[in-house]
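Have a look at the structure below, then the notes.
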Amino acid sequence: MRGQHRSANAGGGFGNTLVRQGLLLPEPERRRRAVRLRSGEASAGEATELALGRIDAVDDSVRAFLHIDREGARARARSLDRQPRHRRGPLFGLPVAVKDNIAVRSWLSTSGSALLRGYRAPYDATVVERLRGAGAVLLGTTNLDEFGMGSATTRGFHGPSRNPADPQRVAGGSSGGSAAAVAAGTAHAALGTDTGGSVRQPAAHCGVFGIRPTYGRVSRYGVTAYASSFDQVGCLASDLTDLGRVLGAVAGLDPRDATSAARDVPDFAAAAGRPALPRTIAACGENDLAVLDPASQEAFAAVIRRFEQRGVIVRRVELPDTETAVAAYYLLACAEASSNLARFDGMRYGQPEAGGLRLEAAFRETRTRGLGREVRRRILAGATVLSRGYRDSIYRASTEIRKRIARELLGLFGERELLLLPITCGPPRLLDEPPPRAQEYRSDRFTILASLAALPAISLPAGESRGLPFGVELMAPPWGEEALFSAAAAFVEAA
Ligand code: GLN
């Protein structure tokens, strides 16, 4: 476990320079590794050794991982390789990393918070149990913003992760460790969580695929709650088929999570193998794009041309008011967080003997010392929003706004249409140039829409902007993930 924030030792340069520096594993090589494992050419042991070798080579610079279980991974790979072929699961031998707010039995699990230092998860989250069942090899846990609150993976108590495409820059957040691990080739795939964009945004910044499924598609049992009406587990991978397989493995009804839905789980990997574009796509129009920096506007225009060259009719639409959406999202998320995080009272979680804070400290001291500034701010804001006097004027009003935005957003979809949006307003920022808080919140304006409306959205790597990875998101009506996979596959083909 890395306990300390380690100081910066950034290298310089963009895009290709960084490939030369070796932090980013070039995409063709990542794809080659994915295909070799799937075809049975590579054993679980070989895939695991390659991943561990990459971790040894680059993770001191990338800092995607918080906890690495080398022995566990090797033992698991050995036992998988002994299985007869016909017994092999759909994720056979796949080296997967898990965001540190998802419980993995007996592993340290901190959610990026000092308050949980030394805490070991006593059980597996449902998604982890399902990864194991499908034959994955669990490598370790990945870095995040404390309790998932952030957009850059700079606010965890372990210090920031770095973008493998440029280690002076953020990886995006809050699942930045997961995205950076996939981009660096230290994991084939990873789980993240997405409350307001935390899978899609780091995926875009690191140049990998990421999906936020429909709310209810995946169980949240064993996932540290941030804002329960938004939280979803999502998946990241550099290979679309792997992404589909991982989502397929973890999705589906779970009696232990009342919000998980009793829906059939389609074969997402098969959908990724059937490239298909809708006849028309609704794309966010000029007014909404004005907040993007010029290079991102150009990169977004190039994405539209790529769809048009494939014969898709791109129809411009105006999004629901994203300023209002940001306000509603943050008010609701803080309100839910203030209630969810009340359990971290210094009595129930964390182990004093391992450096955690418990018992000896009063509630106040535990939370002041254990929780970071941003988390405390949000708890206070949330408690205020829920208090008498504000409940109707702010909390209820925000839930009404949420419903209206969801209606407006759904209203933008024509028959069998998908919606195309940017993910971020610009390239990943420099680590040492944090924006003012209000600007940071506003930079979530595009990704929070799917979260407010409980829609599935996939983040697609779409080339570069100013030499750094650029991504866009495709959104579908509820339960439309298959269409997203097929469209993503067609988009990749068109590159
Ligand atoms: N940046 C958003 C927030 O801080 C979203 C984070 C997330 O999806 N976990 O709330």
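When a residue number appears, it is its place in the shown sequence, counting from 1. Just so you know, ligand 1 is whichever comes first in the structure, and atom 1 is the first atom listed for that ligand. The model shown is predicted, which means the values in this text are computed figures rather than measured ones. Worth knowing before you read on, the calculation uses all heavy atoms, side chains too, and leaves out hydrogens, waters and symmetry mates.
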Contacts of Asp321 that satisfy side chain to side chain donor-acceptor pair (under 3.5 Å) - sequence neighbours left out:
Thr324

Can you sort out the partners of Tyr395 under side chain to side chain donor-acceptor pair (under 3.5 Å), two or more places apart, ordered by chain and number?
none

So, using side chain to side chain donor-acceptor pair (under 3.5 Å) as the criterion, who are the partners of Arg132 when residues are at least two apart?
Asp124

Side-chain donor-acceptor contact under 3.5 Å, Asp444 with Thr447:
no

Quick check, are the ring centers of Phe209 and Phe485 under 6.0 angstrom apart?
no

So which residues, sorted by chain and number, lie with a heavy atom under 4.0 Å of ligand 1?
Gly148, Met149, Gly150, Ser151, Ser174, Asp194, Thr195, Gly196, Gly197, Ser198, Tyr226, Tyr329, Tyr330, Arg378, Asp444

In this structure, is the centre-to-centre distance between the rings of Phe230 and Tyr329 below 6.0 Å?
yes

